[in-house]
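A quick note: this is a predicted structure, and the numbers were derived from the prediction, not measured. Side-chain atoms are counted along with the backbone in the values below, which use heavy atoms only and exclude waters and symmetry mates. Within every chain, numbering begins at 1; the chains are lettered A, B, ... in the order of the sequence lines, protein sequences first and strands thereafter.
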There are 2 protein chains.
Amino acid sequence: MNKVILLNKRPEGKPTLEDFKFVEEETPVVSEGQVLLKTRYVSVDPYLRGRMTDAKSYVPPFELNKPVQSAVVAEVLDSGNSSFNKGDFVTGLLDWKEYQLSDGRGLNRVDAEAADLSAYLGILGMTGLTAYFGLTEIGRPKEGETLVVSGAAGAVGSVVGQIGKIMGCKVIGIAGSDEKIEQLKSKFGFDAGINYKTTQDMTKAIADAAPDGVDVYFDNVGGEVSDGVLANINNFGRVPVCGAISTYNDTVVSQGPRLQPILVKNSVLMQGFIVSNYGAKFPEGIKQLTQWLQEGKLTYTETIVNGFDQIPQAFIGLFDGKNNGKMVVKI
Amino acid sequence: MNKVILLNKRPEGKPTLEDFKFVEEETPVVSEGQVLLKTRYVSVDPYLRGRMTDAKSYVPPFELNKPVQSAVVAEVLDSGNSSFNKGDFVTGLLDWKEYQLSDGRGLNRVDAEAADLSAYLGILGMTGLTAYFGLTEIGRPKEGETLVVSGAAGAVGSVVGQIGKIMGCKVIGIAGSDEKIEQLKSKFGFDAGINYKTTQDMTKAIADAAPDGVDVYFDNVGGEVSDGVLANINNFGRVPVCGAISTYNDTVVSQGPRLQPILVKNSVLMQGFIVSNYGAKFPEGIKQLTQWLQEGKLTYTETIVNGFDQIPQAFIGLFDGKNNGKMVVKI
């Protein structure tokens, strides 16, 4: 039998285990043109929370009592499709199922020799590309500038900071524990780190860490952390807005200081984005990231949780900061 | 004797007459290299409020007990500078004085035959250029898109809407009286208007007026009006942030719904700007605006207040919406 995870109800506030339901179904059999996939690694990502809500967004919401989907690395167990062979590894947006069929559309073969399979859900996947395009296309950091990254210990944030260093910036990371801050500096080469949980006055902490002001703020979190950074933004500052995890579980609309006066005063650009906006340039991004990885200029951290049954809990853990780098579930 | 208006104290909240002081000084006499200017028209602008506060901004604050400055059209009464002749008309950032000397730097000669002198403070001056560059460089409207303009009856807003129509957009203006709304439609060719003072639910009013959503929002006001527009912003929407007049008199930081979730959800760009960012392109902008004006595609409204003594009151009146289009003081 084949285990499947359905969206049981739409979360209110922080997701809970009750929002998900495990069911079993017959393991499917390949027909002409199809491949049978065995799930090997499942990506859990904050953006999935948005798809669990029934609201207008860039992707349609998940349907109730249908499987949740996310990025997955799978192995081809059986193929009736000439583009894929048994033993191939592929990535794609797939259901939370142990086994599933695909007609091959949207699947990309990955090289299991070139990197660990899980890297294709992280630094060589959507998270790496999100960091790369958000920073280079919107943030456009110049040598000698100051880059601040929130959610810096997260999957995207840790890559953003490293690319910032490659591009010659002073890089300051904001994260939620002293352990994470230490890792930002020792492992990822950040120049400084701020633990937002123990910082009373974020505006002052940023001012102290960035005495020349902030040129680029890569915003993963929104909320009060971002208020503090934006109070220190320089003239012509650029703010790629990648996520707002601090607000995703709000049941009422989160309030904060209005941004328009800051934007006008300093000619600041804020640009929300999703990685698929840059889909046409993915090959360029993957090539550059792979090169940096092979040159040893990029490194990454994963939190690997074991077991199909643990997928919902791993996802929920994202909102408690349980992950250190990219969170993936190994099946 | 020569009348001069000084900044007497820094306004708290809305400016009052007590924030200004009239003094008299000797009318100056030209030395080698100088011109003697007689002030003919004085521009009063919301952004001056920012310079009256002692805060970091894109231009240094006015000094206490020094003359206030703004854009002025002046006549050359006497010249010791070979670049200017007696009888020339010039524009420049000049003191609030009846007469003053200049070394000629920052002065631009204007053609008194091509347009009314006051137009050089408005549609052919900073306000016209602000509308032109904010809309074309940041808003980048495409034919068939929906453009919303707040502060639409203001000097910048009315030009933004007209350029939007020239570029083939559906244009919706937001202003503060039914009379202004009527004028937006009858005089400036807007497709629809919303009176924010009599509208209970701005989000719904925008949704009704813009059933296809908002592609470009030219934001002059910030605050709750903007919250309502941004709730209707389309995917890949663009928001030139030109001003935030609703917040300029706040004595505590104005709070509102956080914008990051909207920006991310819809890949929205917000860009604050000041017109001088586009200084290198001013000749192009003036040429285009003059052509449209001569072709009858652009029109403008001025509120002309008479008398040097009325400058402070005219400025204060901006914050009560006393102006209809560009507010200038004729001396």
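- Looking only at side-chain heavy atoms (C-beta outward), Asn277(B) and Phe236(A) come within less than 4.5 Å of each other.
- More than 12 heavy-atom neighbours from other residues, nucleotides or ligands sit within 6.0 angstrom of CD on Gln69(A).
- Counting only heavy atoms from C-beta outward, the side chains of Leu259(A) and Met270(B) never approach each other to under 4.5 Å.
- With a threshold of 4.5 angstrom between heavy atoms, Val268(B) approaches chain A through N, CA, C or O but not through any side-chain atom.
- In the displayed structure, Lys9(B) atom NZ is contacted under 6.0 Å by more than 12 heavy atoms of other residues, nucleotides or ligands.
- A search for side chain to side chain donor-acceptor pair (under 3.5 Å) contacts involving Lys281(B) returns Glu137(B), not counting sequence neighbours.
- Using a distance-only test at 3.5 Å, with no hydrogens or angles considered, no donor-acceptor pair links the side chain of Arg258(A) to the main chain of Ser254(B).
- Interface remark: of the candidates Val239(B), Ile262(B), Ile138(B), Asp227(B), Asp227(B) forms the most heavy-atom pairs closer than 4.5 Å to chain A.
- Residues Ile274(A) and Ser267(B) are in side-chain contact: their nearest non-hydrogen atoms beyond the backbone lie under 4.5 Å apart.
- Counting heavy atoms from C-beta on, the side chains of Gln271(B) and Leu263(A) never come closer than 4.5 Å.
- Ranked by heavy-atom pairs under 4.5 Å with chain A, the list Gly222(B), Ala244(B), Pro257(B) is led by Pro257(B).
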